[in-house]
Protein chains: 2
Amino acid sequence: MAARKKPSPEAVTAWARLVRVETALLAAVERDLKAAGFPPLAWYDALLELSRAPDGTLRPLDLEKAMLLPQYSTSRLVDRLEQAGLVARAPCPDDGRGQLVAITPAGRALQRRMWDTYAAAIERHVGVKLPQDDLTKLGELLGRLL
Amino acid sequence: MAARKKPSPEAVTAWARLVRVETALLAAVERDLKAAGFPPLAWYDALLELSRAPDGTLRPLDLEKAMLLPQYSTSRLVDRLEQAGLVARAPCPDDGRGQLVAITPAGRALQRRMWDTYAAAIERHVGVKLPQDDLTKLGELLGRLL
DNA sequence: CGGGCATTGATGCAGCTGCATCGACCGGCT
DNA sequence: AGCCGGTCGATGCAGCTGCATCAATGCCCG
């Protein structure tokens with residue numbers, strides 16, 4: 001029903017490496033976090049998004065879009081964060097359907113502590129492998145894939 | 001206990017985009033496969049590895065290393081493929097602990113049919129977004145991250 | 001040869017994800 | 001106001017993943 005154009009070998013190679021490298025590096029970073037006794041990266045990402053938002057508060061829908069997660073996944077992630085005392089849910093005054101998710105002081109503290117380990121992992125697994133202008137170029141090329 | 005060097009902003013950007021772009025593109029490709037009525041990409045990868053191996057046969061351990069999967073994950077993936085009649089297990093003559101996983105004709109056929117859809121997805125989501133020399137450069141940069 | 005340790009692959013259990021669906025609420029239209 | 005299609009978020013269920021562990025076999029070394 002659609003075009004069925006064939007990709008160039010270069011496109012296939014780039015794609016294959018993208019998936020492979022991301023899988024390997026993500027696993028390595030997650031391992032470092034876990035080894036330091038921290039929760040998964042998704043928790044960090046959520047806390048970071050919230051910590052950057054005004055009042056440390058976001059609607060679940062915004063969190064969802066920021067993290068590229070499906071709706072139900074966000075819902076349950078917030079469940080777990082709330083369970084852990086890292087965020088608090090409140091009803092949304094503007095919209096009776098919605099709610100507001102606010103990061104707690106404990107959440108901010110965890111996010112900050114995780115960053116030390118996370119930053120070190122990024123440096124170890126990414127930073128040391130390429131010189132700075134290659135990193136810039138890589139970021140730029142990746143940016144154009146979205 | 002360890003170095004704690006801080007990554008450059010360029011490294012952080014490259015890392016963030018790597019994860020983001022891979023997540024988004026992988027989801028898009030998986031969606032295309034599912035929309036065409038095919039099983040997940042992991043099945044394709046496994047079938048491809050097997051189809052390339054001599055006699056279409058690999059030890060689970062080799063498959064594991066080729067696909068960067070944990071051992072138990074491979075074990076269960078092979079379960080599902082076997083269930084679907086796409087591979088067959090046989091005891092390994094050289095090593096009583098091991099086994100041999102062989103792709104069946106049905107497995108080869110599915111791998112070939114999936115490639116049409118998969119290739120179109122790669123072209124749509126990757127190939128059209130960058131000119132060929134940028135794709136080459138991207139592949140090269142990613143290659144140096146491993 | 002025999003004991004001890006490493007390797008291969010399977011599996012019970014708990015937690016997570018995807019899917020479908022649901023209930024609650026919004027907003028526009030008549 | 002009353003209805004209706006659309007949006008927001010939760011949830012039951014099935015399937016998948018990670019973790020720990022196990023049984024079976026291989027391999028080395030005394």
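Letters A, B, ... mirror the listed sequences (proteins, then strands); counts begin at 1.
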Next item on the list: Would you please name every residue forming a side-chain hydrogen bond (donor to acceptor under 3.5 Å, both in side chains) with A:Arg80, sequence neighbours left out?
Entry: none

For nucleotides 24-29 of chain C, tabulate all protein N/O to nucleotide N/O atom pairs closer than 3.5 Å, reporting atom names and distance.
unit_1	atom_1	unit_2	atom_2	d
C:dC26	OP1	A:Gly96	N	2.9

Next item on the list: Let me know which of B:Leu77, B:Leu81, B:Leu100 forms a side chain to side chain contact (heavy atoms under 4.5 Å, CB included) with B:Val87.
Entry: B:Leu81

Notebook entry, point to check: Where the side chain of B:Thr136 meets the backbone of B:Gln132, is there a donor-acceptor pair that is under 3.5 Å apart?
Noted result: yes

Check: Listed by chain and number, what are the salt bridge (Lys or Arg N to Asp or Glu O under 4.0 Å) partners of A:Arg108, not counting sequence neighbours?
Finding: none

Check: Just wondering, do B:Arg112 and B:Ser51 contact through their side chains at under 4.5 Å, heavy atoms?
Finding: no

Under 3.5 Å, which donor-acceptor pairs do the side chains of residues 25-37 of chain A form with other protein atoms, sequence neighbours left out?
unit_1	atom_1	unit_2	atom_2	d
A:Glu30	OE1	A:Leu41	N	3.2
A:Asp32	OD2	A:Arg124	NH2	2.9
A:Asp32	OD2	A:His125	NE2	2.8

Note to self: So if I define the base as every atom that isn't primed, P, OP1 or OP2, how would nucleotides 14-23 of chain C read as a B/S/- string at a heavy-atom cutoff under 4.0 Å?
What the structure shows: --SBBB----

For residues 53-65 of chain B, which side-chain N or O atoms pair as donor and acceptor with protein atoms under 3.5 Å away, sequence neighbours left out?
unit_1	atom_1	unit_2	atom_2	d
B:Thr57	OG1	B:Asp55	O	2.8
B:Arg59	NE	B:Gln99	O	3.4

Check: Any side-chain hydrogen bond (donor to acceptor under 3.5 Å, both in side chains) pairs touching residues 12-26 of chain B, not counting sequence neighbours?
Finding: A:Tyr118-B:Trp15

Note to self: Looking at B:Ser75, I'd like to know whether one of its side-chain N or O atoms comes within less than 4.0 Å of OP1 or OP2 on C:dG9.
What the structure shows: no

Note to self: List the residues meeting side-chain contact (heavy atoms from CB on, under 4.5 Å) with A:Ala109, not counting sequence neighbours, and say none if there are none.
What the structure shows: none

Notebook entry, point to check: Should A:Leu86 and A:Ile103 be marked as a side-chain contact (heavy atoms from CB on, under 4.5 Å) after you check the CA-CA gap, both sets of side-chain angles, and the distance that decides it?
Noted result: CA-CA 6 Å; A:Leu86 303 170; A:Ile103 191 170; 6.0 Å; no

Check: Who pairs with B:Asp45 by salt bridge (Lys or Arg N to Asp or Glu O under 4.0 Å), at least two apart in sequence or on another chain?
Finding: none

Every protein N/O within reach of nucleotides 3-5 of chain D N/O, cut-off under 3.5 Å:
none

Next item on the list: Enumerate the residues from residues 54-69 of chain B whose closest heavy atom to DNA chain C is under 4.0 Å, giving them by residue number; use none for an empty result.
Entry: B:Arg59, B:Pro60, B:Leu61

Notebook entry, point to check: Which residue pairs pass the salt bridge (Lys or Arg N to Asp or Glu O under 4.0 Å) test when at least one of the two sits in residues 127-146 of chain B, sequence neighbours left out?
Noted result: A:Asp134-B:Arg144, A:Arg144-B:Asp134, B:Lys137-B:Glu140, B:Glu140-B:Arg144

